[in-house]
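Shown next, in structure tokens, is the structure this report addresses.
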Amino acid sequence: MGLIVKDILKSRGISIKDFAALLGINRVNLSNQLSGNPTLETLEKWAAALNVTVPDLFDKKITTINCPKCGEEIRLSIDEKS
């Protein structure tokens with residue numbers, strides 16, 4: 001999916017275990033979510049906990065994703081703020 005949450009955590013010196021505790025879930029559930037296809041609600045929680053926007057959680061080099069329900073390709077448009 002192109003998530004860079006682990007990179008953000010690493011750059012801030014936050015472990016997966018500590019981030020899971022901050023979110024009120026266990027480490028295994030968080031690891032599964034990071035490896036899977038998290039919901040928008042989950043992404044919003046992560047972004048709020050890290051004090052970033054949801055688009056900041058994604059690798060900016062990824063320009064398309066596939067819908068997990070229908071498989072249709074979705075083009076991403078993320079505006080860079082100066």
Side-chain angles (χ1 to χ4, degrees):
M1 178 178 257
L3 288 172
I4 59 168
V5 176
K6 289 180 183 177
D7 295 333
I8 295 169
L9 294 174
K10 185 176 179 179
S11 73
R12 295 182 181 191
I14 302 170
S15 70
I16 295 286
K17 182 180 176 182
D18 290 340
F19 190 51
L22 178 66
L23 296 170
I25 62 175
N26 70 49
R27 182 196 55 78
V28 174
N29 285 344
L30 177 58
S31 291
N32 289 338
Q33 291 173 352
L34 287 168
S35 299
N37 197 7
T39 65
L40 179 57
E41 181 181 352
T42 297
L43 293 170
E44 288 171 339
K45 287 178 184 177
W46 294 349
L50 293 169
N51 198 30
V52 298
T53 65
V54 170
D56 291 335
L57 300 175
F58 291 89
D59 184 343
K60 304 299 189 269
K61 293 176 262 177
I62 304 293
T63 59
T64 62
I65 59 172
N66 287 39
C67 174
K69 294 196 181 215
C70 68
E72 182 177 336
E73 186 174 87
I74 301 168
R75 180 166 297 285
L76 301 176
S77 175
I78 301 173
D79 293 333
E80 293 289 330
K81 303 235 183 222
S82 301

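Atom set for the values below is all heavy atoms of this structure, side chains included, hydrogens, waters and symmetry mates excluded. This structure is a prediction, so every number in the text was calculated from the model and none was measured.
Residues in residues 27-39 take part in no salt bridge (Lys or Arg N to Asp or Glu O under 4.0 Å) pair, two or more places apart or across chains. For residues 49-58, the set of pairs meeting the side-chain hydrogen bond (donor to acceptor under 3.5 Å, both in side chains) definition, not counting sequence neighbours, comprises Thr53-Asp56.
With rounding to the nearest 0.5 angstrom, the CG atom of Asn37 is 13.0 Å from the CG atom of Asn32.
Taking the side chain as every heavy atom from C-beta outward, Leu3 and Pro38 approach each other to under 4.5 Å. The shortest distance between side-chain heavy atoms of Leu34 and Trp46 falls below 4.5 Å.
For Asp18, the side chain to side chain contact (heavy atoms under 4.5 Å, CB included) test picks out Ile14, Ser15, with sequence neighbours left out. Here Ala48 pairs with nothing under the side chain to side chain contact (heavy atoms under 4.5 Å, CB included) rule; sequence neighbours left out. Listed by chain and residue number, nothing satisfies the salt bridge (charged side-chain N to carboxylate O under 4.0 Å, His left out) test with Glu73 (two or more places apart in sequence, or in another chain). Applying the side chain to side chain contact (heavy atoms under 4.5 Å, CB included) test to Glu41 and every residue at least two apart in sequence or in another chain returns Thr39, Lys45. Among residues two or more places apart in sequence or in another chain, the side chain to side chain contact (heavy atoms under 4.5 Å, CB included) test is passed with Asp7 by Ile4.
A donor-acceptor distance shorter than 3.5 angstrom exists from the side chain of Ser11 to the backbone of Ile8, with no hydrogens or angles considered.
Closest approach of Leu22 and Ala49 over heavy atoms only: CD2-CB, 3.9 Å. Closest non-hydrogen pair, Leu43 versus Leu57, comes out as O-CD1, 3.4 Å.
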Side chain to side chain contact (heavy atoms under 4.5 Å, CB included) between Lys17 and Leu30, worked out
CA-CA 9 Å; Lys17 182 180 176 182; Leu30 177 58; over 6 Å; no
